[in-house]
Amino acid sequence: MSGPLYVPVLPTKPHAAGAFRGLWPDVRAAIRPLWNLPPLPGVTPEALATVVGTYVDPVSAVSRHGGWIDAPFGEDAQTAALAEALSVYCELGRMRPVTGPERTEAQQAAAVETARRSLRGLGVRVRVTGEWDGGRLGEAVRGLLAGTGPEVAVDLLLDMGAVLDDRPDAGKEALRALDALMPLAVWRSATLLGGGFPRVSADMLDEGPHDESRAEWRMWHEVRATGRAYAPLLGYGDYGVQPPSALAQAPAPGRKGGPPWGVLRYTTDSSYVIVRTLTRGPDRIAVNRAAARRITELPEFRGARAGQGEEWLSDCANGPLSVSEGVGGPTEWLRAGNLQHMTHVVRSLPGG
């Protein structure tokens, strides 16, 4: 069993595609993203191919080393059209289809058929957002695998959802799930996914920068330290610098405005550092450059040459107060956050 070094769970949105495109080539080569389409409520099957293309074309173009493409929020009436639209990126591109034990039989069958035609394999995404339910999920995975056949290579994507400090037993539940799932197939790869970035609120930052521990990072290390035969080969995955719930946000193309504040994000070995910024107002330039300086002055800051995210933060911190260029906005802050995070994760993993 072998697999990618790092599997980030990313939305098919411009900031994520831009961050992935901007990574240094050696970092990008170690990553196989699990791209997620957003919910597309009310989009008719006839219009889905066009809509899907606007989201997937950019991420497919930057995923030259492969990855997975998933539509976890697809409506039942959209199943056939989604499968047909996504199959193009699997058969002609380098993406792999995804299914899971809680998907409908129609979605499972369509994903398996796409995997057969594309010859790239199938991602089996098993969600465990609480306690492991072996009687239900274990049997469901067994049934799903029975329909794939030996000619389809399968990758296990064990998705623990949000893994924060309020889930101290996440490592134990992941271990229970893996002990049950690993014997069910000759997995081409197995990856443990979890989202450790918190949902940020304005009051969280009232007293200055906020630190949140990387509970998903601890969970992965906890499982790896158990001595299980599969543990040394278990891949690592996370949700980047957004909480898992961000993936479920439906597009709102006509929406304007937004909160007057945002955040800069920085990943250290053990925590996420979050600093408030402003999206508008007369103090925006000064506040945002000061926010960047709070990060660049951290003892854990890796220096402007560590990656493109650090370079952007350094440029922002040292820019003039008379010029707004370079202080960014929500999209740029997300892009810089993911750039530094993905680079740091790859450099932190064995073999990175």
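Just so we're clear, the structure is a prediction, and the values are computed from it rather than from any experiment.
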Looking only at heavy atoms, the pair that brings Thr277 and Val263 closest together is OG1-N, 3.3 Å
Hey, could you give me the CG/CZ distance between Leu278 and Arg276, rounded to the nearest 0.5 Å? 7.5 Å
Would you compute the distance between atom OG of Ser245 and atom OH of Tyr239 and round it to the nearest 0.5 angstrom? 10.0 Å
Give the intermediate values and the outcome of side chain to side chain donor-acceptor pair (under 3.5 Å) for residues Thr331 and His15. CA-CA 6 Å; Thr331 297; His15 73 82; over 6 Å; no
Should Phe20 and Trp24 be counted in the same cluster of Ile, Leu, Val, Met, Phe, Trp and Tyr side chains packed under 4.5 Å apart? yes
Note, Arg214 side chain near Val345 side chain (heavy atom, < 4.5 Å): yes
So Arg228 and Leu175, side-chain contact (heavy atoms from CB on, under 4.5 Å) or not? Walk me through it. CA-CA 9 Å; Arg228 298 292 203 275; Leu175 196 60; 3.5 Å; yes
Spell out, as yes or no, whether a donor-acceptor pair under 3.5 Å connects the side chain of Arg289 to the backbone of Ala317. no
Run the side-chain contact (heavy atoms from CB on, under 4.5 Å) test on Arg21 and Arg28 for me, step by step, so that the C-alpha distance in whole Å, both residues' side-chain angles and the decisive distance to 0.1 Å come before the verdict. CA-CA 8 Å; Arg21 182 188 303 109; Arg28 192 166 59 246; 5.7 Å; no
Apply side-chain contact (heavy atoms from CB on, under 4.5 Å) to Leu234 and Thr191, showing your working. CA-CA 6 Å; Leu234 185 66; Thr191 304; 5.8 Å; no
Would Met182 and Tyr230 count as a side-chain contact (heavy atoms from CB on, under 4.5 Å) if you check the C-alpha gap in whole Å, the side-chain angles of each, and the deciding distance to 0.1 Å? CA-CA 8 Å; Met182 293 302 291; Tyr230 57 75; 3.7 Å; yes
Considering all heavy atoms, the nearest Ala306-Thr343 contact: O-CG2, 3.7 Å
In the hydrophobic clustering (ILVMFWY, side-chain contacts below 4.5 Å, transitive), which residues join Ile295, or is it alone? Leu264, Tyr266, Val273, Val275, Leu298, Phe301, Trp312, Leu313, Trp333
Donor-acceptor check, side chain of Arg96 to backbone of Gly123, threshold 3.5 angstrom: yes or no? no
Report yes or no: does Ser271 contribute a side-chain atom to a donor-acceptor pair with the main-chain N or O of Thr268 at less than 3.5 Å? no
If two hydrophobic side chains count as joined below 4.5 Å and joins carry through other members, does Ile274 share a cluster with Val287? no
If we only count heavy atoms from C-beta on, is the Met160 to Met219 side-chain gap below 4.5 Å? yes
May I ask you to test the Glu173-Trp132 pair for a side-chain heavy-atom distance under 4.5 Å? yes
Worked check of salt bridge (Lys or Arg N to Asp or Glu O under 4.0 Å) between Glu102 and Arg136: CA-CA 10 Å; Glu102 297 180 312; Arg136 180 178 61 87; 2.7 Å; yes
Before you tell me yes or no, could you show the steps for Ser63 and Ser60 under side chain to side chain donor-acceptor pair (under 3.5 Å), namely the whole-Å CA-CA distance, both residues' side-chain angles and the distance that decides it to 0.1 Å? CA-CA 5 Å; Ser63 301; Ser60 178; over 6 Å; no
Is there a path of hydrophobic side-chain contacts, each under 4.5 Å between heavy atoms of I, L, V, M, F, W or Y residues, that connects Val98 with Val112? no
State, to 0.1 Å, how close Val163 and Gly194 come at their nearest heavy-atom pair, and which atoms those are. CG2-CA, 4.0 Å
Could you list the residues that satisfy salt bridge (Lys or Arg N to Asp or Glu O under 4.0 Å) with Arg142, not counting sequence neighbours? Glu139
Salt bridge check: are Arg176 and Asp133 linked by an N-O gap of less than 4.0 Å? no
What do you reckon, is CZ of Arg64 surrounded by more than 12 foreign heavy atoms closer than 6.0 Å? no
Check ion pair Arg103-Asp76 (N to O, under 4.0 angstrom): no
Could you tell me if the side chain of Met95 sits less than 4.5 Å from the side chain of Trp35, heavy atoms only? yes
Find out if a path of hydrophobic residues (ILVMFWY) with successive side-chain heavy-atom gaps under 4.5 Å connects Val141 to Leu158. yes
Assess whether atom CD of Glu207 is packed by more than 12 heavy atoms of other residues, nucleotides or ligands within 6.0 Å. no
Heavy atoms of Val152 and Arg116 approach each other most closely as CG2-CG, 3.6 Å
Residues Thr99, Gln107; criterion side chain to side chain donor-acceptor pair (under 3.5 Å); working and verdict: CA-CA 7 Å; Thr99 189; Gln107 194 280 334; 2.6 Å; yes
For Glu131, look at atom CD and say whether over 12 heavy atoms of other residues, nucleotides or ligands are found less than 6.0 Å away. no
Is the Trp217 ring parallel, tilted or perpendicular to the His221 ring (thresholds 30°, 60°)? perpendicular
Check the surroundings of atom CD in Glu75: do more than 12 heavy atoms from other residues, nucleotides or ligands lie under 6.0 Å from it? yes
Is the CZ atom of Arg94 crowded by more than 12 outside heavy atoms at less than 6.0 Å? no
Could you go step by step and tell me if Arg218 and Asp165 meet the salt bridge (Lys or Arg N to Asp or Glu O under 4.0 Å) rule? CA-CA 10 Å; Arg218 293 199 312 270; Asp165 286 337; 3.0 Å; yes
In the structure I gave you, are the side-chain heavy atoms of Trp187 and Leu145 within less than 4.5 Å of one another anywhere? yes
Can Leu157 be reached from Val59 by stepping across I, L, V, M, F, W or Y side chains whose heavy atoms are under 4.5 Å apart? no
Take Arg32 and Asp155 through the test salt bridge (Lys or Arg N to Asp or Glu O under 4.0 Å) and record every step on the way to the result. CA-CA 12 Å; Arg32 303 293 182 272; Asp155 301 292; over 6 Å; no
If you count the non-hydrogen atoms of other residues, nucleotides and ligands that lie under 6.0 Å from CZ in Arg294, is the total more than 12? no
Gap separating the CZ atom of Arg293 from the OG atom of Ser314, nearest 0.5 angstrom: 12.0 Å
Heavy-atom check, side chain of Asn36 versus side chain of Pro72, under 4.5 Å: yes
Value rounded to 0.5 Å, distance of CD in Glu310 from CG in Asp315: 12.0 Å
Exam field: side chain Arg167 to backbone Ala162, donor-acceptor pair closer than 3.5 Å: yes
Pairwise side-chain contact, Thr114 with Leu86, heavy-atom cut-off 4.5 Å (strictly under): no
Between atom CD of Gln108 and atom CG of Leu144, what is the distance when rounded to the nearest 0.5 Å? 4.0 Å
Donor-acceptor contact present, side-chain Gln78 to main-chain Val43, <3.5 Å: yes
Within a 6.0 Å radius of atom CD on Glu212, are there more than 12 heavy atoms belonging to other residues, nucleotides or ligands? yes
Tightest non-hydrogen contact, residues Thr279 and Gly262, listed as CG2-N, 4.3 Å
From the options Arg335, Arg265, Arg302, select the one residue that forms a side chain to side chain donor-acceptor pair (under 3.5 Å) with Gln340. Arg302
Would you say that Val56 contacts Ile69 through its side chain, given a criterion of any heavy-atom pair below 4.5 Å between the two side chains? yes
Looking only at heavy atoms, what is the nearest atom pair of Ala30 and Val346, with distance? CB-CG1, 4.0 Å
